[in-house]
Amino acid sequence: MSERIEILGVKVDAVTMAQAVERVENLISEKKSSLVATANAEMLLNATHDTELKKILNAADLVVPDGAGTVWAARHLGKHMPERVAGADLVQELMKIAPARDIKFFLFGAAPGIADKAKLKAETLYPGIKIVGTRNGYFKPEDEPEIISQIKNSRADILLAALGVPKQEKWLFKYKDEIQIPVSIGVGGTFDVMAGVVKRAPLWMQKARLEWLFRAMLQPSRAGRLLALPKFVWKVHKQKIGTRNW
Ligand code: UDP
């Protein structure tokens, strides 16, 4: 078991990418409808005022440190956080080992057609991979029973849900026991990136921990979300100096 580091009330696992992949593999064999979350700064900040999200994250079986902000926060609090485990990268690592381990995926979420494009991309990148179902992420409550049975009947090992935060976490938590998929992971904009709709930052920017800046430049509508970062830094600092009510 890895150490869980509490950041703004949410326990984040101090794992490397290799350890995260191994944990997911173990969760698959346990077959108990596990939840994996990828916690970036924005999600951790949201959890400070969304108690349902906070409860779900703390009940998750694995919470990986997604993003430079989360790694920075743990280290600022004096804890050891080995590296960033971005959700989009975790998905690629799992897909890489999938053909050899016979791990089957269901892709749920994003606009119509996007999950299918992501499926094709995965099949090109990882020959032999089994993507056993796709479903777009725009639906009405009355469509849910059909979606649930589609996912359940697919008998996938991993459900990737890309509905955005916190919708995906809440949806998965609500229905995980019904869908009976061994591991469910909320993956945000990952299908858009795989389908080529949204570009990933160049490697040098990822290495310089500037992926967030790249995303804001490309999608100015998201720029407002950057305001979350200084707020996050401030709250983590307050946690460090022991002020209550951060
Ligand atoms: N999305 C969806 N259903 C919804 C709302 C959003 O499938 O009702 C999808 C959206 O098309 C996009 C993803 O969820 O593919 C959210 O991407 P974003 O990068 O905003 O993720 P976040 O930053 O919230 O993790």
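Both ligands and their constituent atoms are indexed starting at 1 by order of listing.
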Report task. Return yes if some donor-acceptor pair links the side-chain N/O of E211 with the main-chain N/O of A68 below 3.5 Å, else return no. Result -> no
Report task. Return the residue, atom name and 0.1 Å-rounded distance of the protein heavy atom closest to atom 24 (O) of ligand 1. Result -> V165 N, 3.0 Å
Report task. Determine whether any heavy atom of F191 lies closer than 4.0 Å to an atom of ligand 1. Result -> no
Query raised in the report: Hey, does the side chain of W204 reach the backbone of A201 with a donor-acceptor pair shorter than 3.5 angstrom?
Result: no
Report summary line: One finds that the ligand 1 atoms under 4.0 Å from a non-hydrogen atom of A162 are 1 (N), 2 (C), 7 (O), 9 (C), 13 (C), 14 (O)
Report task. State if R225 counts as touching ligand 1 under the rule of any non-hydrogen atom under 4.0 Å. Result -> yes
Query - Other residues, nucleotides, ligands: >12 heavy atoms within 6.0 Å of K152 NZ - result: no
Report summary line: Ranking D192, L163, V193, D66 by closest non-hydrogen atom to atom 15 (O) of ligand 1, top hit is D192
Query - From Y138, W171, F139 - option closest to atom 10 (C) of ligand 1 by heavy atom - result: Y138
**Report entry** Selection from G109, A110, G188 by shortest heavy-atom distance to atom 13 (C) of ligand 1
**Finding:** G188
Query raised in the report: Checking side-chain contact (heavy atoms from CB on, under 4.5 Å) against M43, which of V63, D50, L57 comes through?
Result: L57
Report task. Mind checking whether A111 contacts ligand 1 via backbone (N, CA, C, O), side chain (CB onward), both or neither, at a 4.0 Å heavy-atom cut-off? Result -> backbone
Query - Exceeds 12 heavy-atom contacts within 6.0 angstrom, atom NZ of K167 - result: yes
Report summary line: of all protein heavy atoms, closest to atom 3 (N) of ligand 1 is G137 O, 2.7 Å
Query raised in the report: With backbone taken as N, CA, C and O and side chain as the heavy atoms from C-beta onward, which portion of K167 lies under 4.0 Å from ligand 1: side chain, backbone, both, or neither?
Result: side chain
Report summary line: Going by chain and number, the hydrophobic cluster around L172 (ILVMFWY, side chain to side chain under 4.5 Å) further includes L35, I56, F106, F108, F139, I147, I148, I151, L159, L163, W171, F173, Y175, I179, I181
Query raised in the report: Regarding T70 and N40, is there a side-chain donor-to-acceptor distance under 3.5 Å anywhere?
Result: no
Query raised in the report: Which of the atoms in ligand 1, numbered in the order shown and given with their element, are less than 4.0 Å from a heavy-atom of G189?
Result: 17 (O), 18 (P), 19 (O), 21 (O)
Report task. Starting from atom 19 (O) of ligand 1, locate the nearest protein heavy atom and write down its residue, its atom name and how far away it is, to 0.1 Å. Result -> R222 NH1, 3.0 Å
**Report entry** Chi angles and distances behind the salt bridge (Lys or Arg N to Asp or Glu O under 4.0 Å) call for D66, R84
**Finding:** CA-CA 6 Å; D66 181 340; R84 183 175 84 118; 5.2 Å; no
